[in-house]
S.K.: 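I am attaching a structure below and will ask some questions about it afterwards.
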Amino acid sequence: MKCQKCGRPATFHITEMTGNKPLEHHLCEEHAREYLNASSSSGDSIGGLAAALAEGISKQMPVSKAAAEMKELDQQVCPICGISFLDYRNRGRLGCPNDYDCFSKQIGILTMNIHGETEHIGKFPKRAGKETNRRTQLIKLRRELDDAVTFEDYERAAALRDKIKEIETE
């Protein structure tokens with residue numbers, strides 16, 4: 001997602017409740033500071049909170065460090081499905097169950113920010129474990145099949161196709 005003011009990557013997503021409708025702001029670090037500083041100087045009841053948040057942001061994330069970290073994280077790629085963290089951030093969808101392990105640190109931070117917890121408390125489907133491994137294997141094989149076709153290795157592609165069909169019919 002891009003900053004609403006300048007087009008750089010939005011690293012701060014602020015939701016304000018104005019009446020019955022939420023108002024969302026997607027801003028880069030620089031514009032988030034400006035927005036929060038403007039809110040704190042407007043004299044409303046949220047101003048103190050916004051000022052504290054802006055101060056926390058400025059202490060925790062220097063611009064150059066945040067940009068370098070985001071660039072490094074965006075290049076991280078899952079070895080199974082090939083999705084990068086940038087693809088995940090843009091689409092909002094992971095490619096396979098292995099992505100939870102591959103991007104665990106980043107997803108943990110997002111989950112904590114959204115839900116306030118990082119551990120699931122509730123029911124799990126009884127058949128979840130068996131099916132997940134099968135799906136992960138199919139994703140990996142399909143990716144290998146695409147690579148084999150791209151590199152015109154048709155013998156390997158045929159073998160992979162047969163293996164995929166075998167797993168799907170089980």
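Note that the structure is predicted; figures quoted are calculated from it, not measured. Worth knowing before you read on, the calculation uses all heavy atoms, side chains too, and leaves out hydrogens, waters and symmetry mates.
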S.K.: Tell me every residue that passes ring pair (Phe, Tyr, Trp, His ring centres under 6.0 Å) with H25, counting only those two or more places apart in sequence or in another chain.
M.R.: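 Ring pair (Phe, Tyr, Trp, His ring centres under 6.0 Å) check on H25 returns Y35.
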
S.K.: Quick one: pull up CD in E30 and OG1 in T11 and give me the separation to the nearest 0.5 Å.
M.R.: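 It comes to 11.0 Å.
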
S.K.: Do you know which two heavy atoms are closest between C96 and C78, and how far apart they sit?
M.R.: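 Minimum heavy-atom contact is SG-SG, 3.8 Å.
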
S.K.: Could you give me the CA-CA distance, side-chain angles and deciding distance for I80 and R143, then say whether side chain to side chain contact (heavy atoms under 4.5 Å, CB included) is met?
M.R.: CA-CA 8 Å; I80 304 279; R143 181 170 176 235; 5.9 Å; no

S.K.: Sequence neighbours excluded, which residues qualify as side-chain contact (heavy atoms from CB on, under 4.5 Å) partners of S84?
M.R.: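 By the side-chain contact (heavy atoms from CB on, under 4.5 Å) rule, S84 matches V77, L86, D87.
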
S.K.: Nearest 0.5 Å, please: how far is CG in N98 from CZ in R135?
M.R.: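 Interatomic distance, R135 CZ to N98 CG, rounded to 0.5 Å: 15.0 Å.
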
S.K.: As an exercise, state the distance from CG of L94 to SG of C81, rounded to the nearest 0.5 Å.
M.R.: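 So the CG of L94 and the SG of C81 are separated by 8.0 Å.
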
S.K.: Using a strict cut-off of less than 4.0 Å between a Lys/Arg side-chain nitrogen and an Asp/Glu carboxylate oxygen, indicate whether E29 and R8 qualify as a salt bridge.
M.R.: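 Salt bridge between E29 and R8, a charged N being under 4.0 Å from a carboxylate O: no.
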
S.K.: Look at the side-chain heavy atoms of Ile, Leu, Val, Met, Phe, Trp and Tyr, link any pair under 4.5 Å apart, and say whether L141 and L145 land in one connected group.
M.R.: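 Hydrophobic grouping puts L141 with L145.
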
S.K.: Does anything in residues 91-110 form a salt bridge (Lys or Arg N to Asp or Glu O under 4.0 Å)? List the pairs, not counting sequence neighbours.
M.R.: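 For residues 91-110, and leaving out neighbouring residues, there are no salt bridge (Lys or Arg N to Asp or Glu O under 4.0 Å) pairs at all.
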
S.K.: Looking at residues at least two apart in the chain, or sitting in another chain, which of them share a side chain to side chain donor-acceptor pair (under 3.5 Å) with Q4?
M.R.: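 Applying side chain to side chain donor-acceptor pair (under 3.5 Å) to Q4 gives none.
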
S.K.: Report yes if some heavy atom in the side chain of T15 is under 4.5 Å from a heavy atom in the side chain of L23; otherwise report no.
M.R.: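 They are not in contact (no side-chain heavy atoms under 4.5 Å apart), so the answer is no.
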
S.K.: Would you give me the side-chain donor-acceptor pairs under 3.5 Å for residues 154-165, sequence neighbours excluded?
M.R.:
| from | atom 1 | to | atom 2 | distance (Å) |
| --- | --- | --- | --- | --- |
| R156 | NH2 | E144 | OE1 | 2.9 |

S.K.: Are any non-hydrogen side-chain atoms of E24 and I14 less than 4.5 angstrom apart?
M.R.: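 Not touching, per the 4.5 Å side-chain cut-off.
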
S.K.: Give, for atom NE2 of H26 and atom CZ of F12, the distance between the pair rounded to the nearest 0.5 Å.
M.R.: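 Here the rounded value is 14.0 Å.
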
S.K.: Out of curiosity, I83 CD1 to R89 CZ, how far, rounded to the nearest 0.5 Å?
M.R.: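 I83 CD1 to R89 CZ: 12.0 Å, rounded to 0.5 Å.
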
S.K.: Does the Q76 side chain pair with the main chain of C102, one donor and one acceptor, at a distance under 3.5 Å?
M.R.: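 Such a contact is found between Q76 side chain and C102 backbone.
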
S.K.: Any ring-ring contact (aromatic ring centres under 6.0 Å, His included) pairs touching residues 89-111, not counting sequence neighbours?
M.R.: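 Sorted pair list: F85-F103.
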
S.K.: What's the separation between atom NZ in K2 and atom SG in C28, rounded to the nearest 0.5 Å?
M.R.: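 With rounding to 0.5 Å, NZ (K2) is 12.5 Å from SG (C28).
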
